Asker: 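Take this structure, written in structure tokens, and hold onto it; I'll ask about it next.
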Amino acid sequence: MALNDNKAGMGNLDKERINKVIYEMSKGSKYYENEQRKEEQVKAKIAAQHKQIQSFDAREIEKSELQADAMLAAIEEMRDFSRTIVHIDMDAFYAAVEMRDNPSLKNIPMAVGGSAMLSTSNYEARRFGVRAAMPGFIAKKLCPDLVIVPTNFDKYRQVSKDVKEILLQYDPNMCPMSLDEAYLDITQHLAERKNFDAEQKTFRTADGEQRMFGIAPNMMLAKVCSDFNKPNGQYLIPFNRQAVMDFVKDLPVRKVCGIGRVSCSMLGAMGVVTCSDLFRKRGLLLKLYSAISFNYFLRVSAGVGSTSVQRGDDRKSMSTERTFAEINRPAELFAKCYELCEALVEDLKKENLKGKTITLKIKTIKYIVRTKAHSLLNATQDVQLLYSTARDLLRTEIRLCSPEPLRLRLMGKSRGEQKLPFGAVKPKTDGRHTLLNYFKSPK
DNA sequence: GCGGATCAC
DNA sequence: TATGGTGATCCGC
Ligand SMILES: Nc1ccn([C@H]2C[C@H](O)[C@@H](COP(=O)(O)OP(=O)(O)OP(=O)(O)O)O2)c(=O)n1
Ligand SMILES: [Mg+2]
Ligand SMILES: [Mg+2]
């Protein structure tokens, strides 16, 4: 339960004071209790890992290192400097849009969201420790002058569309990852402007918003780069092996897309902090992690990533969920359940979608999350069928809990896609988060 | 196929 | 007073 300082707006902030305020505002709350519980779980995972490590002997580790080296040789084979990959990410996106539309917000600390939750904050506010995913009422304690403006998704969608329009000129296959960021392969574009050398592999958009560019030989590195020199800057990794290895050497693993808070703790517990540590500890990592994860770690340590920017496949699921003031009376729970079914079906119809797995998600007032799924034989988008399935799942949950009432703060519905036949699974990008590129791992 | 956990934004 | 919503992946059953 502390400030998430990975995505810093700037250094130089009084973390001690900030963490104290967050703690004072959070302690004793059900939310806080749950966070503590989750932290204990992570600690237990680390302890289990520690025990496993102690059961290894040195010879085993050495053998694993040799195996890892062979895998690394294969990875080295695939190192590719032929593509110029750009990752673009708008600065403080929602906040920037609001500041554009209301310049009086420009030089004051400001955030987008509500008193319960903020979506993002501008750079003024970040100096006070105000961040995305922080409740507004805590942010106000950190920064009493903070102005909070409500979200206008439609506006952000429009701006996003305008920017994409521009980016398409540089790469028609541009791959948007969210409203405010995208990967581009500008190799072709650069070829069309032959007079550019490597240092000049930079480019501009005419948009009014500030943005970050990361420019590198692959997507993983470009993404990391776009987080450097913030805001409104750019960072380029020269296109040669030494430059990449230098870049990766002291890079904290936490900066890499896919390695989050928990993975970072687990790795840290065995002395892995930077990407070169991933190489140093390869013998251990191979034994501790799955083939998919380990391969991903090795690639990160080598600074190798995907060079193929391509649109994602069709969506695999569609869901809707809502947080509300406690509901515990069965009749009201079922009514909420029906509401969500209607909402989901409306969305499904917009894209004329079908799936066959229905998932009910609930979060108790203690923030315990549970999901229950049921797969139908046939895909359908019929409200009644969806509801009768979801209703049964909910009824089971209520019975499970009785005679205590089921006390919820959130309910959600999701509709999953039909599983594709095995052979049809297509490799997409890379890494662990979109696995599968490396099915051919050595024995 | 299911459910929990993790991650990104 | 008050701690979000959507989509995806991985792992261990
Ligand atoms: N937990 C989060 C993180 C982000 N967002 C939204 C608001 C952000 O404006 C937008 C883009 O996310 P970024 O991670 O790129 O954050 P920003 O663009 O706000 O800031 P930065 O300058 O660090 O990119 O997504 C959100 O709703 N919830
Ligand atoms: Mg951004
Ligand atoms: Mg972003």
Side-chain angles (χ1 to χ4, degrees), chain A residues 1 4 6-7 22 25-27 29-35 37-38 41-42 44-45 89-90 92-94 112-120 131-141 148 151 153 156 160 176-182 223 227 254 256-266 289-294 296 312-326 340 343-344 347 356-363 365-376 393 409-419 425 428-436:
Chain A
M1 257 317 302
N4 173 3
N6 178 48
K7 186 124 188 167
I22 294 176
M25 294 301 290
S26 298
K27 75 174 171 201
S29 69
K30 295 208 164 68
Y31 176 81
Y32 182 78
E33 299 294 323
N34 189 247
E35 289 300 302
R37 187 183 61 85
K38 287 199 291 187
Q41 266 178 236
V42 172
K45 266 173 77 171
D89 187 313
M90 309 301 287
F93 183 52
Y94 297 178
V112 177
S115 65
M117 184 53 56
L118 302 180
S119 287
T120 194
R131 292 295 142 85
M134 175 180 279
F137 69 94
I138 292 179
K140 272 282 197 184
K141 273 280 190 302
I148 299 178
T151 49
F153 283 110
Y156 315 143
S160 179
M177 301 303 289
S178 71
L179 282 187
D180 95 315
E181 77 190 68
K223 167 84 177 153
D227 202 48
R254 184 67 177 86
V256 178
C257 187
I259 300 180
R261 207 177 49 87
V262 173
S263 301
C264 188
S265 294
M266 304 269 297
Y289 287 85
S290 70
I292 287 171
S293 293
F294 179 66
Y296 165 72
D313 302 341
D314 295 339
R315 68 155 74 240
K316 296 178 177 58
S317 69
M318 180 180 274
S319 66
T320 179
E321 68 190 57
R322 213 64 57 195
T323 292
F324 37 71
E326 174 174 352
L340 288 163
L344 181 57
D347 291 345
K356 57 170 193 156
T357 304
I358 293 154
T359 306
L360 170 76
K361 173 178 173 181
I362 60 179
K363 192 194 283 179
I365 57 166
K366 291 181 174 171
Y367 292 86
I368 310 269
V369 175
R370 281 197 293 271
T371 61
K372 294 287 166 196
H374 185 257
S375 293
L376 300 169
L393 294 171
R409 67 170 349 262
L410 172 144
M411 196 185 295
K413 297 290 162 57
S414 141
R415 200 57 195 268
E417 185 124 346
Q418 211 148 357
K419 290 273 189 222
V425 181
K428 216 170 55 175
T429 51
D430 180 33
R432 204 172 45 151
H433 230 59
T434 41
L435 75 168
L436 236 44

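Just so it is clear, the structure is predicted and the values come from calculations on it, not from any experiment. The sequence lines fix the lettering, A, B, ..., with proteins before strands; numbering per chain opens at 1.
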Asker: Any donor-acceptor pair under 3.5 Å linking the side chain of A:T357 with the backbone of A:G416?
Answerer: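 The answer is no, because no donor-acceptor pair under 3.5 Å joins these two groups.
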Asker: Taking only N and O in the side chain of A:R409, is any of them less than 4.0 Å away from OP1 or OP2 of C:dA2?
Answerer: no
Asker: Got more than 12 heavy atoms from elsewhere within 6.0 Å of CE, A:M177?
Answerer: no
Asker: With respect to the phosphate group of C:dT3, does any side-chain polar atom (N or O) of A:S26 fall under 4.0 Å of OP1 or OP2?
Answerer: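 Negative; the distance criterion is not met.
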Asker: Please figure out whether A:K361 or A:M25 has its closest DNA chain C nucleotide nearer the 5' end.
Answerer: A:M25
Asker: Under 4.0 Å: is that the gap between some side-chain N or O of A:Y32 and OP1 or OP2 of C:dT3?
Answerer: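 For C:dT3, OP1/OP2 do not have a side-chain N/O of A:Y32 under 4.0 Å.
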Asker: Please, what dot-bracket string fits DNA chain C when only Watson-Crick and G-U pairs with both distances under 3.5 Å count, crossing ones use [ ] and pairs to another strand use |?
Answerer: ....|||||||||
Asker: Side chain of A:K45 only, heavy atoms from C-beta on: which candidate in C:dG7, C:dG4, B:dT6 is closest?
Answerer: B:dT6
Asker: Between C:dT6, C:dC11, C:dG7, which one does the side chain of A:S290 approach most closely?
Answerer: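 From the listed options, C:dC11 comes nearest.
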Asker: Check A:E35 with A:K38, please: is the shortest side-chain N to carboxylate O separation under 4.0 Å?
Answerer: yes
Asker: Quick check on B:dG1: is either OP1 or OP2 less than 4.0 Å from any side-chain nitrogen or oxygen of A:K356?
Answerer: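 Yes, within the criterion.
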Asker: Which residues pass the side chain to side chain donor-acceptor pair (under 3.5 Å) test with A:E326, sequence neighbours left out?
Answerer: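 With neighbours one apart ignored, the set is A:N328, A:R407.
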Asker: C:dA2 P sits how many Å from A:M117 CE, rounded?
Answerer: 14 Å
Asker: Report the distance from atom CZ of A:F153 to atom P of C:dG4, rounded to the nearest whole Å.
Answerer: 14 Å
Asker: Could you say whether A:S317 or A:P135 is positioned toward the 5' end of DNA chain C, judged by the nucleotide with the nearest heavy atom to each?
Answerer: A:P135
Asker: Which residue lies toward the 5' end of DNA chain B, A:V42 or A:T359, if each is placed at its nearest nucleotide?
Answerer: A:T359
Asker: Could you go step by step and tell me if A:Y296 and A:I259 meet the side chain to side chain contact (heavy atoms under 4.5 Å, CB included) rule?
Answerer: CA-CA 10 Å; A:Y296 165 72; A:I259 300 180; 3.7 Å; yes
Asker: Give a yes/no on whether any side-chain N or O of A:S375 is located under 4.0 angstrom from OP1 or OP2 of B:dG1.
Answerer: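 Checking A:S375 against B:dG1: no side-chain N or O falls below 4.0 Å of OP1 or OP2.
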Asker: What I want to check is whether an N or O donor and acceptor connect the side chain of A:S414 with the base of C:dT6 at under 3.5 Å.
Answerer: no
Asker: With a 4.0 Å cutoff (strictly under), does any side-chain N or O of A:S263 reach OP1 or OP2 of B:dT6?
Answerer: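 Negative; the distance criterion is not met.
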Asker: Are A:F294 and A:Y289, when compared by the centres of their aromatic rings, separated by less than 6.0 Å?
Answerer: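 Judged by ring-centre distance (under 6.0 Å), A:F294 and A:Y289 do not meet the cut-off.
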Asker: Of all the choices, C:dG5, B:dG3, C:dG7, which nucleotide is nearest to the side chain of A:T371 once you look at every atom?
Answerer: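 The nucleotide sitting nearest to the side chain is B:dG3.
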Asker: If you assign each of A:K38 and A:D180 to its closest nucleotide in DNA chain B, which residue comes earlier from the 5' end?
Answerer: A:K38
Asker: For the P atoms, the ones on C:dT3 and on B:dA8, what distance do you get once it is rounded to whole angstrom?
Answerer: 24 Å
